[in-house]
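Values reported hereafter were calculated over all heavy atoms of this structure, with side chains retained and with hydrogens, waters and symmetry mates removed. Every chain is numbered from 1 and lettered A, B, ... according to where its sequence line falls, protein lines coming before strand lines.
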Amino acid sequence: MKREAYDPHAIEEKWRDFWREKGYFRVKTASPRKKFYYLNMFPYPSGYLHVGHGRNYIIGDAIVRFLIMRGHDVLNPMGWDAFGLPAENAAIERGTHPREWTLANIAYAKDQFRAWGIEYDWGREVTTCLPGYYRWTQWLFLKLYENGLAYKKRADVNYCPSCQTVLANEQVAGGECDRCGTPPERKTLDQWFFRITAYAERLLADLADLDWPEHVKKMQENWIGRSEGATITFRCDRDASLPVFTTRPDTLWGATFLVLAPEHPLVDVLTVPERKADVEGYRRQASRASEIERLSAEREKTGVFLGSRAQNPVTGEPIPIWTSDYVTPTYGTGAIMGVPAHDERDFAFARRFGLPIRVVIAPPEEPLPDPRTMAAAYTGSGTMVSSGLLSGTPGSHAIERTIGYLAEQGIGERKVVYRLRDWLISRQRYWGAPIPIVYCDRCGVVPVPEADLPVLLPDVPFVGKMGLADVPGYADTTCPQCGGSAKRDTDTMDTFVDSSWYFLRFVSPHEETVPFVSEDVNCWLPVDLYVGGVEHAILHLLYARFITKALHDLGHVAPAEPFRRLFAQGMVCHTAYKCQEHGWLYPKEVNDGLRCGTCGQEVATSYFSMSKSKKNVVEPAEIIARYGADTERLYTLFMGPPDRDIEWSEDGIRGVWRFLNRVWNLVSGEIPRSALAQGEPDPLQFGSAERALWQKLHATVEKVTEELGDRLGLNTAIAAIMELVNELGVYVNRPETDPRLVRRVVRDAILLLSPFTPFLAEELWQRMGEKRPILDTPWPEYDPGAVVGDEVEIPVQINGKVRTRLRVAAQAAADPRALQKAALASPEVQERLRGHEVQRVIAVPGKLVSIVVR
RNA sequence: GCCGAGGUGGCGAAACUGGCAGACGCAGGGGACUUAAAAUCCCCAGAGCGAACGCUCGUGCGGGUUCAAAUCCCGCCCUCGGCACCA
């Protein structure tokens, strides 16, 4: 009989709309009993999604299909992070409007999801650039403003000259704009900030209870950067007093100078007239220096003496006050005490300018190091010396005792400082949510009343790099308080504000009077599993946590954390080619995989995560055309653990294609036979082959259930299914088979496969004669007793080496004494033991026997 | 410099709690089918020695604990990621 070949295209087209029409992915109840909020980080709609993007959503779709079959009420929404610079840049390039470009991309991406067989509760779709969404982003701004968590201040900020906008601290990576790589300039501007620093301690402390990857937690920890120490106040000339922050108050006796950041407000006060010219010159120079130059630790220290002095509060000694750009204006108090003997940077500064170096911490019973030749001694475990009353205090108590002493004397106090800065959210660009603030000459800063939201983004032709300040008439308005003429704020909000609360909107996306219904949020949140790229470890995930905490404090949501479990999936990498002369090349522009098609030069080959700029993306449409969506899905999940980066390979995908063909042929071949089978298999009638297959079935169900439900080792889940299919393939070729067993194994194998390859599974399921679609069918159960089987293989080690294996009844294997007896009685073991004295026997139930002999 | 993740066959990887290292797959070799090729099916496959039953070595390197170590401890090396003149 000629068998129908596996034809993914016909099958996939047949089922594509079926799941949506049946509504399997819609939330069916207002009061879920077994709720599961599954969330993928929503995409930025920038052109098409490539197979690397696909990985994120394929992982999610597999998990969600599994959860549905397990009877969970799953909230599984999708939306679009649709404001921001990339859309503007693309619109400029194409001479279109960011909105047109964005909406077209969204439509295309939705088709891609459909082609992949990835389904969502599309009735909850959220698009951040539409007024129905961003009015509530504006509402969020107003709530923060009302409660002192949004404020405007004149500050030195990072300004990207290429993007023509300011950037948040988090968006300057390694001294470069993280969008375009241009080093930002420092500008002093009036800008809006969110007071995330008020949450520094809680953002840090609450990490402990989150089920997140350790490295992501550490990244946030580093970013928040908590330091414990003390502020110490120095009395200075001209009646000034100057607080400094230090983590090493115990070294105060060794402080021989003070340094202020050039931007410090007291620099003017403390500069004597005859030093004024020098100091002014230095400050100008420092303000011009780029962030990169200033941050470079290798650069030689620079600075100037202000001319005035302070008094060391414990030694009474007058010490000089300097300014230097190695002191950061926004950290601590923007001023430090210089302790050259015990701080590397202060040491370098002291050497450069000939300032005294005084050792005040030393190892007990050893001569003090020579201050002229030492490099700063970092002796946290030394003993305090030359420190007045506290001399002799051991290092272990030095900081504590010094802080106590300083507090007593009224000189200083304990202090915790954070590296985290407030979040700068103003952007001087068009494509964002307008800041809902009005400036009135009479009333000052006036928030737009909630009832007047949204402040609409003006619908004007997009003419390239522009902000709302460039839109004629936009700023002109009337004051909501006095009705007089007033001006609107012409900045828009950082797109990370849009994405800092979207997971709340998904719960009640259509509400027109509130951003979300609190009871519903409290019912669905926190997100049970949040899956996305690790590139958001700091920015998005920190902002979203902050906003959730703020809304919690303001009484809008009950949970204080948005994402209970986070899973950071790895990137998909692919070969990229670069010609010295012609830059990045598409694979088809490279001859024989090594020469540039244009100039013939040898090209550099390397692996990078897929990106359009490196011309190494693989389009799902190509893969689906060749193999179908199921093959792409299965390959994406099979090629490695989901949290690790993987290399896309054309060869690898063929292996998966072969496997699906085997499944198709095997199942199709068994359909006529198994159709005759009535009822469930009866283990009492099994022979040994049946028992082995039965055990394999149960072990596989257990394994796949565990991986999909908890461990997320989807690659090994698939490997387990392959093993089961392989064993089934061997079994069905036996002369005698149990049709009821075959039917059961085929049935369960299809169900196990269905989260990974939903099209093929649904089709085979129907051909098996099953009437209920898969998503209405419960996930297969396994019997823990059957997983063990009735006979196990037990390796026997002699002096640590495996010498033989025994087949032992499961019952005997579970009992250490019986197991030991069986091992010692075995002829192979007896043979090995001849002439040796048995010293010890260790029998591990169900695992192995280890015999030690002499 | 500080913090984190990782290093296992030719390749992607597996080994979950210290218990048979290399499951599953790719690439490779051999065979069957075929006029031939593709596809498919069967067999082999960590390295070394051996005709063979087998034996020895083997999870980045060096030590250690243990009957037993990829897994635990100590000391290093390398790769990737985060932070970094943050006092």
Sugar-phosphate, base or nothing in reach of [X], heavy atoms under 4.0 Å:
X	answer
A/Val844	base
A/Ser227	sugar-phosphate
A/Arg711	base
A/Glu647	nothing
A/Asp346	nothing
A/Thr246	sugar-phosphate
A/Arg803	sugar-phosphate
A/Asn726	sugar-phosphate
A/Pro641	sugar-phosphate
A/Lys801	sugar-phosphate
A/Glu706	base
A/Gly655	sugar-phosphate
A/Lys415	nothing
A/Arg832	sugar-phosphate

What's the [atom1]-[atom2] distance between [X] and [N], to the nearest Å?
X	N	atom1	atom2	result
A/Leu634	B/A13	CG	P	17 Å
A/Trp223	B/G81	CH2	C1'	14 Å
A/Gln839	B/A68	CD	P	12 Å
A/Leu207	B/G4	CG	P	14 Å
A/Ile646	B/A13	CD1	C1'	12 Å
A/Glu344	B/A84	CD	C1'	12 Å
A/Lys847	B/U66	NZ	C1'	17 Å
A/Gln220	B/G81	CD	C1'	15 Å

Kindly indicate whether a cation-pi arrangement holds for A/Lys301 with A/Phe349, taking the cut-offs as under 6.0 Å to the six-membered ring centre and within 45° of the axis.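 No - A/Lys301 does not lie over the ring of A/Phe349 by the 6.0 Å and 45° rule.
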
Taking for each residue the nucleotide of RNA chain B bearing the nearest heavy atom, is the 5' side occupied by A/Thr716 or by A/Val534?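 Closer to the 5' end of RNA chain B: A/Thr716.
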
A/Ile851 or A/Gly640: which one's nearest nucleotide on RNA chain B is closer to the 5' end?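 Nearer the 5' end of the strand: A/Gly640.
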
What interatomic distance, in whole Å, is found between [atom1] of [M] and the corresponding atom of [N]?
N	M	atom1	result
B/G64	B/G9	C1'	28 Å
B/A32	B/G58	C1'	36 Å
B/U59	B/G50	C1'	26 Å
B/C33	B/C49	C1'	38 Å
B/G12	B/G28	C1'	15 Å
B/G1	B/U8	P	25 Å
B/A15	B/C72	P	15 Å
B/G25	B/C76	P	42 Å

Report yes or no: does A/Thr323 contribute a side-chain atom to a donor-acceptor pair with the main-chain N or O of A/Leu260 at less than 3.5 Å?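 Such a contact is found between A/Thr323 side chain and A/Leu260 backbone.
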
With respect to the side chain of [X], which nucleotide from [options] is positioned closest?
X	options	answer
A/Ile538	B/A87, B/G4, B/C83	B/C83
A/Met722	B/A27, B/C24, B/C16	B/C24
A/Asp343	B/C85, B/A87, B/C83	B/A87
A/Asp651	B/C26, B/C24, B/A87	B/C26
A/Ile842	B/A87, B/G19, B/A14	B/G19
A/Phe245	B/A87, B/C3, B/C24	B/A87
A/Gln797	B/G82, B/A68, B/A39	B/A68

Is the phosphate of [N] approached by [X] (side-chain N or O, under 4.0 Å from OP1 or OP2)?
X	N	answer
A/Arg644	B/A14	yes
A/Arg658	B/C26	yes
A/Tyr331	B/A87	yes

Hey, does the side-chain of A/Lys301 have a donor or acceptor N/O within less than 3.5 Å of a partner on the base of B/C85?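 Yes.
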
Is the ring pair A/Tyr6/A/Trp664 parallel, tilted or perpendicular, if the boundaries are 30 and 60 degrees?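 It falls in the tilted class, 30° to 60°.
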
Side-chain ion pair, [X] and [Y], N-O less than 4.0 Å:
X	Y	answer
A/Glu831	A/Arg834	yes
A/Arg626	A/Glu650	yes
A/Glu221	A/Lys217	no

Is the distance between the ring centroids of A/Trp322 and A/Phe257 under 6.0 Å?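 No, too far apart.
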
For A/Trp648 and A/Tyr635, I'd like to know if the aromatic rings sit close, meaning centre-to-centre distance below 6.0 Å.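 Ring centroids of A/Trp648 and A/Tyr635 are less than 6.0 Å from each other.
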
Is the glycosidic angle of B/G9 within 90° of 0, making it syn, or outside that range, making it anti?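 Base orientation relative to the sugar is syn.
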
Walk me through whether A/Glu228 and A/Arg414 qualify under salt bridge (charged side-chain N to carboxylate O under 4.0 Å, His left out). CA-CA 8 Å; A/Glu228 284 184 27; A/Arg414 181 183 309 281; 5.2 Å; no

